[in-house]
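Just passing along the structure, written as structure tokens.
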Amino acid sequence: MQRSTYLKALEIHEWQQQNAATSTAISTNSSTLDWESLRQTVSQCTACDLHKTRTQTVFGVGNPQADLMIIGEAPGFYEDQQGEPFVGRAGQLLTAMLKSIGLSREQVYIANILKCRPPNNRDPAPEEVNCCTPFLQQQIALLNPKLILAVGRIAAHYLLQKKTSLESLRNKIYAYGEMQTPLIITYHPAYLLRNPRDKKKAFLDLQLTFRTLYKAT
Ligand code: SF4
């Protein structure tokens, strides 16, 4: 199917083409690595100061052939301890959110913008994002997902290069990068734990994700 026909079939009415090479990271030589080599490279990375305070890197988890890629912000306390993204209460909520549209964690791929935990779970600094996102870009390229679901403000702002409120960014389908991958924005599960009234909107975003994903297959 032609890309334009594909986008039309998905009823993508708004999108923003992103340059996958927006990061100005120091050299990671990650652009030609396979999954295992990339994982090894990340595990040894000392490109930014976060390596000094991490317990371990948090690479990503899930099906390397998944249709759906979920991108969050950065590891928190439990993720840093366990080496896996989205564990703890926020992770349990993400698992429940996926289940609401009939998907398991094992069927999707989950990664973060940063692979190391920022101290006290502070927002990632711009230089940390610049250093780390070539790894995420390589993960996106290796996975080539049919749809990306960005959870939370930090991931949405990075992927869209647009710093408006999450509320104004959700409920739309964008197209990301050279592959024009459909991209949907929703709330971060940790935010939803603090603001349960927005769970209904997140569920609508997940339904949009499901419809978009399976209309395309
Ligand atoms: S956050 Fe990313 S760039 Fe910084 S040390 Fe960890 S893996 Fe390397």
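These numbers come from a predicted model, not from an experiment. First listed ligand is number 1; within each ligand, the first listed atom is number 1. Reckoned from all heavy atoms, side chains included, excluding hydrogens, waters and symmetry mates.
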How are the rings of Tyr191 and Tyr187 set relative to one another: parallel (under 30°), tilted (30 to 60°) or perpendicular (over 60°)?
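Plane angle under 30°, so parallel.
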What distance do Ile110 atom CD1 and Ile70 atom CD1 have between them, rounded to the nearest 0.5 Å?
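Interatomic distance, Ile110 CD1 to Ile70 CD1, rounded to 0.5 Å: 5.0 Å.
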Plane angle bin for Tyr109 and Trp35 - parallel if under 30°, tilted between 30 and 60°, otherwise perpendicular:
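Tilted: the ring planes of Trp35 and Tyr109 meet at 30° to 60°.
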Shortest non-hydrogen contact between Leu183 and Ala150, atoms and distance
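Looking at all heavy atoms of both residues, the shortest contact is CD1-CB, 4.1 Å.
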Less than 4.5 Å apart, side chain to side chain, heavy atoms only: is that true for Ile140 and Met69?
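They are in side-chain contact.
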Would you say Ser168 and Ser165 are linked by a side-chain donor-acceptor pair, where the criterion is simply a distance under 3.5 Å?
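Side chains of Ser165 and Ser168: pair found under 3.5 Å.
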Metal site atom 6 (Fe) of ligand 1, protein N/O/S atoms found under 2.8 Å
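That number is 1, waters not included.
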